[in-house]
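Here the structure comes first, spelled out in structure tokens, and everything after it is commentary.
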Amino acid sequence: MTVRTRIAPSPTGIAHIGTAYMALFNYAFARQNDGEFLVRIEDTDRARFVEGAEQVIYDSLDWLEIPYTKTFRQSEHLEDYSAAVQTLIQKGHAYYCFCTPERLETMRKEQQARKEIPRYDRLCTHLPKEEVQKRLDSGERHVIRMKMPDNEMISWDDLVRGTISINTKELDDQVLMKSDGFPTYHLAVVVDDNRMQISHVIRGEEWISSTPKHILLYRYFGWQLPVFAHMPLLRNVDKTKMSKRKNDVSIPSYKEKGYLPQALRNYLCLMGWSHPDEKDIFALQEFIKVFSFSRMQTTGPIFDVKKLDWMNGKYIREVLKTDEVETALFPFLPDDFPQDLLPKILPLVRERLVTLHDIGPLTEFFYHDIHPTVEELMGKKSSMSEAKKYLEAALSTLEKSFEETEMLAMVDSKGWNRGAFFTTLRVAVTGRTVSPPLFDTIRVLGKQLTLSRVKAAITLC
RNA sequence: GGCCCCAUCGUCUAGCGGCCUUGGACGCUUGGUUUUCAUCCAAGAAAUCGUGGGUUCGAAUCCCACUGGGGUCACCA
């Protein structure tokens, strides 16, 4: 059997991190089995359709370096869904329903008031054929509903959860075809997965309860059933399904915030799955090689940015090569960043970067004017006169040499406290109390700028 | 509420009947390296394996109940 997997995102807004999560596992499983990973656009909801959202999804997958094959938009295959639903009607598995949204609404409210499960009351199930035809001919608005068996156990062997059984009596007569002529998800997903010969449906846990509907449809159509794998859902801190209200769920937003696609991808691999050797850091190729559903956790993992941050820093300082980091950093360099200096500056800040975005704040004193205050120059250990004394001595030493050993010798010969002295000099040169190693910094800064900053600091005291 | 899924440190997880008075990672604390921060290294706190029953010579691991959490019940996907 050829393994074919897919994701079917809807272009309704943001490119969701959950989509990336599903894409990752679908892709890995397909590749592992020499299969194919496809993307189909689920655009049957015209009310929520957002122009351009589709491209953002593709861009996000590209950014994450997850290869895929584009297929089609569901809106391009409308006639297939009507053809499919017609065979269902002929076989008696679907029927026309003329109930208005208003009637359904009041019906639901009444049911809820009576504490019943809200569901369609099947008013239109027994409409005489002639009446149905007449109302269709007159152009009355209608939907087509699936006729659910009354009491039938539907079971399947889920790849991550084992056997799951649901009785059809729990299921509603699902709308398959909307009054605007577009199919609902349930019809479209079955028709399209069959058309694309999807062998494994790997999707979120949220679909478990509608899977019986899909299985029934496969059966009615006489199509080969795919294998189902329901993955755990990514959660917010409060354990609810990860949502944009409580979390940043937009893939492009992680890109903008300076996360590396490799790090985000690696982190996502660890959500619900664990490496057989308990490794945390591994490449996509390795994931493909060692992935297995048997190592899948069924509990929904909480998306924790703290660990993502650590992983991102780890990738910046250890996993990526220097030129790869430089390339990744490029879009995050401030406009006035002296790019020719990047190879010299990067080693000074590399292990201090959590996100690529940190490059600006961490390096701006190299190319921006600094404004140290007297308080900062004094630090916690010195007085104003001491600071001045330090700086004057530092200045005359620097005029002779940029060697750190020279400075150290000078400080020690005077019997000064190294910490206090260097704090003052650091603030004078970088404008901040925290910086990369001072003499490395000074060498990048150059003699002229360093000396002028020290002189400027002296006049402050 | 009905149905379905789930339940090991704060978080991500290992564990699939004895090797576990639970191992790793993040985070946290402390110490070391260091003129600051970060890195790196070392140590530590942190789960009576949700609770209660079984099964078994033996259970985090199997079974049941309860509790708790989540998902789903749309002409949204």
Side-chain angles (χ1 to χ4, degrees), chain A residues 8-10 12 42-45 47-48 97 99-101 104-105 108 112 115-120 141-145 158 160-161 164-167 169-172 174-186 188-189 204-212 230 232-233 235 237-241 267 270-281 294-295 297-311 313-314 317-318 348-354 362 379 404 407-408 411 417-427 430 432-439:
Chain A
S10 343
T12 50
E42 211 113 309
D43 62 346
T44 55
D45 184 355
R48 294 203 303 161
C97 171
C99 294
T100 62
L104 296 173
E105 183 60 25
R108 263 194 288 271
Q112 271 160 357
K115 302 215 172 186
E116 291 173 7
I117 310 159
R119 67 197 309 171
Y120 182 56
R141 279 183 82 81
H142 62 274
V143 301
I144 298 171
R145 286 181 184 273
D158 198 279
V160 338
R161 280 153 217 275
I164 301 178
S165 306
I166 297 176
N167 196 307
K169 72 181 174 195
E170 312 296 341
L171 272 22
D172 206 353
Q174 183 67 49
V175 171
L176 296 177
M177 193 62 85
K178 298 183 259 186
S179 60
D180 62 2
F182 278 67
T184 59
Y185 172 83
H186 306 285
V189 74
E205 181 186 353
E206 57 199 322
W207 295 109
I208 288 179
S209 45
S210 42
T211 300
H230 287 96
L233 244 31
R235 315 285 187 101
V237 177
D238 65 3
K239 294 186 196 276
T240 53
K241 179 162 86 164
Y267 176 70
L270 261 17
M271 298 273 87
W273 182 83
S274 58
H275 193 288
D277 301 334
E278 294 196 52
K279 283 205 255 177
D280 286 306
I281 309 288
S294 67
R295 297 194 66 82
Q297 180 103 35
T298 38
T299 319
I302 293 170
F303 192 90
D304 177 19
V305 191
K306 284 265 176 61
K307 189 157 184 173
L308 210 210
D309 282 344
W310 165 77
M311 187 154 308
K314 189 93 173 162
R317 78 182 91 95
E318 278 180 36
L348 303 190
V349 296
R350 188 166 177 177
E351 67 207 23
R352 293 167 177 77
L353 294 171
V354 173
L362 242 32
E404 186 166 8
M407 190 66 78
L408 239 22
V411 173
N417 178 290
R418 284 185 176 186
F421 172 85
F422 281 107
T423 297
T424 300
L425 183 55
R426 183 185 312 281
V427 171
T430 68
R432 46 179 72 189
T433 52
V434 169
S435 80
L438 192 51
F439 273 79

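Chain letters run A, B, ... following the sequence lines, proteins first, then strands; residues in each count from 1. Just so it is clear, the structure is predicted and the values come from calculations on it, not from any experiment.
- For A:Ile281 and B:U13, the CD1 to C1' distance is 14 Å, given to the nearest whole Å.
- Here the separation of B:C4 from B:U21, taken at their C1' atoms, is 37 Å to the nearest Å.
- Comparing the same atom, C1', in B:G68 and in B:G23 gives a spacing of 27 Å after rounding to whole Å.
- The two residues A:His230 and A:Glu205 come nearest to each other via the heavy atoms CB-CA, 4.2 Å.
- Remark: A:Thr44 is in phosphate contact with B:A77, judged by side-chain N or O atoms under 4.0 Å from OP1 or OP2.
- For the C1' atoms, the distance from B:C20 to B:U34 is 40 Å, rounded to whole Å.
- A donor-acceptor contact closer than 3.5 angstrom is absent between the side chains of A:Arg161 and A:Thr298.
- For the P atom pair drawn from B:A46 and B:G32, the interatomic distance equals 23 Å after rounding to whole Å.
- Here A:Asp45 pairs with A:Arg48 in a salt bridge; the nearest charged N to carboxylate O distance falls below 4.0 Å.
- Using P as the reference atom, B:C19 and B:A59 are 11 Å apart when rounded to the nearest Å.
- The separation of B:C16 from B:C3, taken at their P atoms, amounts to 34 Å, rounded to a whole angstrom.
- To the nearest angstrom, P of B:U35 lies 11 Å from CG of A:Asn417.
- Nucleotide B:U8 holds its C1' atom 9 Å from the CD atom of A:Gln297, rounded to whole Å.
- Between A:Phe303 and A:Tyr267, the ring planes are perpendicular. Angles over 60° get that label, and only those under 30° would be called parallel.
- A:Arg141 has no side-chain polar atom (N or O) that falls below the 4.0 Å cut-off from OP1 or OP2 of B:C75.
- Pairing partner, B:C19: none, since no Watson-Crick or wobble contact has both distances short of 3.5 Å.
- Here A:Thr423 lies out of heavy-atom contact (under 4.0 Å) with every strand.
- Residue side chain A:Arg352 reaches the base of B:C37 through a donor-acceptor N/O pair under 3.5 Å, judged by distance alone.
- Distances were taken from every side-chain heavy atom of A:Arg108 (C-beta onward) to each of B:G70, B:A77, B:A74; the shortest belongs to B:A74.
- Nearest nucleotide to the side chain of A:Pro101, out of B:C4, B:C75, B:G71: B:C75.
- A donor-acceptor contact under 3.5 Å links the side chain of A:Lys307 to the base of B:A25.
- Rounded to whole angstrom, the span from the CE atom of A:Met271 across to the C1' atom of B:C26 amounts to 10 Å.
- With respect to A:Lys314 and A:Asp280, no salt bridge is recorded, no charged nitrogen being found less than 4.0 Å from a carboxylate O.
- A:Arg235 has no side-chain polar atom (N or O) that falls below the 4.0 Å cut-off from OP1 or OP2 of B:U11.
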Derivation of the side chain to side chain contact (heavy atoms under 4.5 Å, CB included) call for A:Met407 and A:Leu438: CA-CA 11 Å; A:Met407 190 66 78; A:Leu438 192 51; over 6 Å; no
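- Judged by distance alone with a 3.5 Å cut-off, a donor-acceptor contact links the side chain of A:Ser179 to the base of B:C75.
- Side-chain nitrogen and oxygen atoms of A:Lys178 include at least one within less than 4.0 Å of the OP1 or OP2 phosphate oxygen of B:C76.
- Contact check, A:Arg426 against B:U34: no side-chain N or O comes under 4.0 Å of OP1 or OP2.
- Across the protein-nucleic acid pair, A:Asp45 atom CG and B:A74 atom C1' stand 11 Å apart, rounded to whole Å.
- Only the P atoms considered, B:G24 is 37 Å distant from B:C66, to the nearest whole Å.
- In terms of polar N and O atoms assigned as donor or acceptor, the side chain of A:Glu116 never comes within less than 3.5 Å of the base of B:G2 in a complementary pairing.
- In terms of position along RNA chain B, the nucleotide closest to A:Ile164 lies nearer the 5' end than the nucleotide closest to the other residue of the pair A:Ile164 and A:Lys241.
- The CD1-P distance, from A:Ile117 to B:C73, rounds to 13 Å in whole Å.
- The phosphate of B:C40 has OP1 or OP2 within less than 4.0 Å of a side-chain N or O from A:Arg317.
- Rounded to whole Å, the separation between the P atoms of B:U48 and B:G10 comes to 8 Å.
- As rounded to whole Å, 14 Å separates atom C1' of B:A25 from atom NZ of A:Lys279.
- In this structure, CD of A:Glu42 is placed 13 Å from P of B:C76, rounded to the nearest angstrom.
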